[in-house]
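Read through the structure below, which is laid out as structure tokens, and then see the notes.
Please read all numbers here as calculations on a predicted model, not as lab measurements. Naming: A, B, ... by sequence-line order, numbering from 1 per chain.
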Protein chains: 2
Amino acid sequence: MDRGDFRKIFLIEDDEDIGFAVKEALSSKGFEVYHFLRATEFFRAVEKEKPDLVIIDIMLPDFDGFRIARFLRNRPDLSEIPIIFLTAKISEEDKLRGFELGADDYITKPFSVKELIARVNAVLRRANREKNSKVFKVDGLEIDIEKVEVTADGKEVKLTPSEFKILKFLIENYGKPVSRDKLIEKVWGYDHDAYDRTVDVHIKHLRDKLGKYSKYIKTVRGFGYKFDLT
Amino acid sequence: MDRGDFRKIFLIEDDEDIGFAVKEALSSKGFEVYHFLRATEFFRAVEKEKPDLVIIDIMLPDFDGFRIARFLRNRPDLSEIPIIFLTAKISEEDKLRGFELGADDYITKPFSVKELIARVNAVLRRANREKNSKVFKVDGLEIDIEKVEVTADGKEVKLTPSEFKILKFLIENYGKPVSRDKLIEKVWGYDHDAYDRTVDVHIKHLRDKLGKYSKYIKTVRGFGYKFDLT
DNA sequence: ATTTTGATTAAGAATTTGTTAAATCCGCCT
DNA sequence: AGGCGGATTTAACAAATTCTTAATCAAAAT
């Protein structure tokens with residue numbers, strides 16, 4: 001059950017060579033890159049499809065890159081889209097101006113493709129911010145999402161699939177109570193009609209297995225359960 | 001009624017001069033900066049107080065800055081905190097490593113203070129945008145809708161589900177009187193036929209639990225209740 | 001002064017959650 | 001196909017907490 005991937009990038013860059021290089025680099029990393037040579041093309045496109053990230057060259061023939069940023073920031077439906085400026089300009093003033101307009105990052109040419117990718121990932125990760133951390137550590141408790149493994153004080157805690165999924169989902173919603181319904185939906189699927197007490201039983205098993213760390217799974221009466229340290 | 005400020009920055013930098021300069025620069029912009037010379041000090045501090053942003057120098061005498069980042073990312077309660085690396089290292093490899101660990105930005109020394117501030121703002125702005133956890137603050141009273149938590153002067157106020165829902169609804173209608181019927185409808189459901197006095201009893205409990213902040217729940221004779229400061 | 005509306009109190013009813021044990025399901029092996 | 005073993009679900013009951021009611025008291029309005 002995926003939440004969408006945040007991979008659609010709009011690139012506005014009038015230099016065909018650079019644009020091509022960037023597009024290639026990002027495409028090879030699985031991003032879906034749409035390259036526009038003119039701001040006007042971009043404006044048309046953005047009305048139809050909302051990208052997850054916009055990379056803007058400051059110097060464009062038809063429009064100033066800053067104006068594109070301002071346009072995006074002023075449009076409520078687009079104002080959340082992260083922006084990375086890409087430019088040959090190196091003056092600090094421009095850099096600051098970029099940030100003032102709400103840029104999420106600012107990369108000056110010539111730049112390393114790897115760094116560009118890293119920065120794109122950083123910005124998107126933050127925009128996405130979900131299941132990026134693969135290992136959670138709390139006290140002596142370790143949850144490795146990728147390996148599907150839980151250890152308490154170094155010793156493995158054997159969880160059943162359901163138990164693990166419940167724990168995982170609780171941790172992903174750290175601090176926030178998760179209703180039984182939401183848990184059932186996320187762990188078993190949206191159409192599954194499970195008996196509420198089923199969740200309780202799993203929680204009970206989970207708590208038993210977590211031993212002294214069971215205290216982190218708190219029940220929030222009337223709302224569900226939550227994973228919390230406090 | 002404001003929504004929280006995101007101004008607390010933890011800075012880990014062993015060079016006193018640089019640390020001082022950064023702290024001054026950010027403080028002058030209204031940030032609350034805590035400067036740690038050692039990672040260990042930081043670890044101690046972060047258990048007590050959660051910063052809104054962490055700026056980490058990679059080269060530290062006791063710990064590698066990357067390890068601090070890893071530590072933060074693995075702690076579910078701290079994993080959302082943005083990280084900016086601050087360092088003299090300029091190798092691309094290090095930069096990439098930093099981003100892999102989930103850095104939100106990476107600034108190499110020597111850097112312009114203005115740029116630092118701009119980047120800090122960019123990162124916080126983004127973090128802010130993401131964090132839509134609705135938190136209402138009134139005086140020393142805080143209501144976190146998502147976490148289903150209420151605190152008065154930092155101490156948790158334990159509310160029952162009905163009490164919480166009533167408070168929530170009153171606050172959502174800040175300043176406007178809400179009739180008992182509307183409350184019953186919103187808290188219990190439109191078909192629920194409850195006795196009016198029931199609401200009063202819940203209000204009474206709510207007021208008891210809110211202590212000195214109970215004064216904000218006003219009764220509007222002949223109509224209902226409202227949440228108001230005046 | 002009387003009436004109306006809200007506050008307070010306490011107790012029983014109702015709801016929600018915890019726990020246990022047994023039943024069922026499911027993949028896997030022979 | 002049949003049986004095994006762990007995983008999951010159900011069901012029933014116990015325990016804990018919350019909600020509602022009703023009775024009485026206090027305050028405000030007429």
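Taking 4.0 angstrom as the limit, B:Thr219 places none of its side-chain polar atoms (N or O) nearer than this to OP1 or OP2 of C:dG6. Residue A:Thr160 has no polar side-chain atom (N or O) positioned under 4.0 Å from OP1 or OP2 of D:dG6. Between D:dC19 and B:Trp188, no contact under 4.0 Å exists linking OP1 or OP2 to a side-chain N or O.
Checking C:dT19, D:dT8, D:dT21 against the side-chain heavy atoms of A:Arg197 singles out C:dT19 as nearest. Here D:dT18 is the nucleotide among D:dT18, D:dT9, C:dG18 with the atom lying nearest to any side-chain atom of B:Pro161. Proximity note for A:Lys204 (side chain, C-beta onward) versus C:dT8, C:dG18, C:dT20: the nearest is C:dT20. Comparing C:dA7, D:dT8, C:dT17 against the side chain of A:His202 picks out D:dT8 as the nearest. In this structure, the nucleotide among D:dC19, D:dT20, D:dT8 sitting nearest to the side chain of A:Ser162 is D:dT8. Of the listed nucleotides (D:dT21, D:dC19, C:dG18), D:dT21 has the atom at the smallest distance from the side chain of B:Tyr195. The A:Arg180 side chain lies nearest to C:dT16 when the options are D:dA7, C:dA7, C:dT16.
Nucleic acid contact for A:Phe164: none, since no nucleic acid atom lies under 4.0 Å from a heavy atom of the residue.
In terms of polar N and O atoms assigned as donor or acceptor, the side chain of A:Arg221 never comes within less than 3.5 Å of the base of C:dT17 in a complementary pairing.
Taking the six-membered ring where tryptophan is involved, the planes of A:Phe227 and A:Tyr216 are tilted, since the angle between them lies from 30° to 60°.
The residues A:Lys182 and A:Glu185 are annotated as salt-bridged, a charged nitrogen and a carboxylate oxygen being separated by less than 4.0 angstrom.
Atom CD1 of B:Ile217 and atom C1' of C:dT8 are 16 Å apart (whole Å).
Both A:Asp200 and A:Asp208 sit near DNA chain C, but only A:Asp200 has its closest nucleotide nearer the 5' end.
For the atom pair CE (B:Met59) and CG (B:Asp57), the distance works out to 8.0 Å, reported to the nearest 0.5 Å. Rounded to the nearest 0.5 Å, atoms NE2 (A:His35) and CZ (A:Phe10) are 12.5 Å apart.
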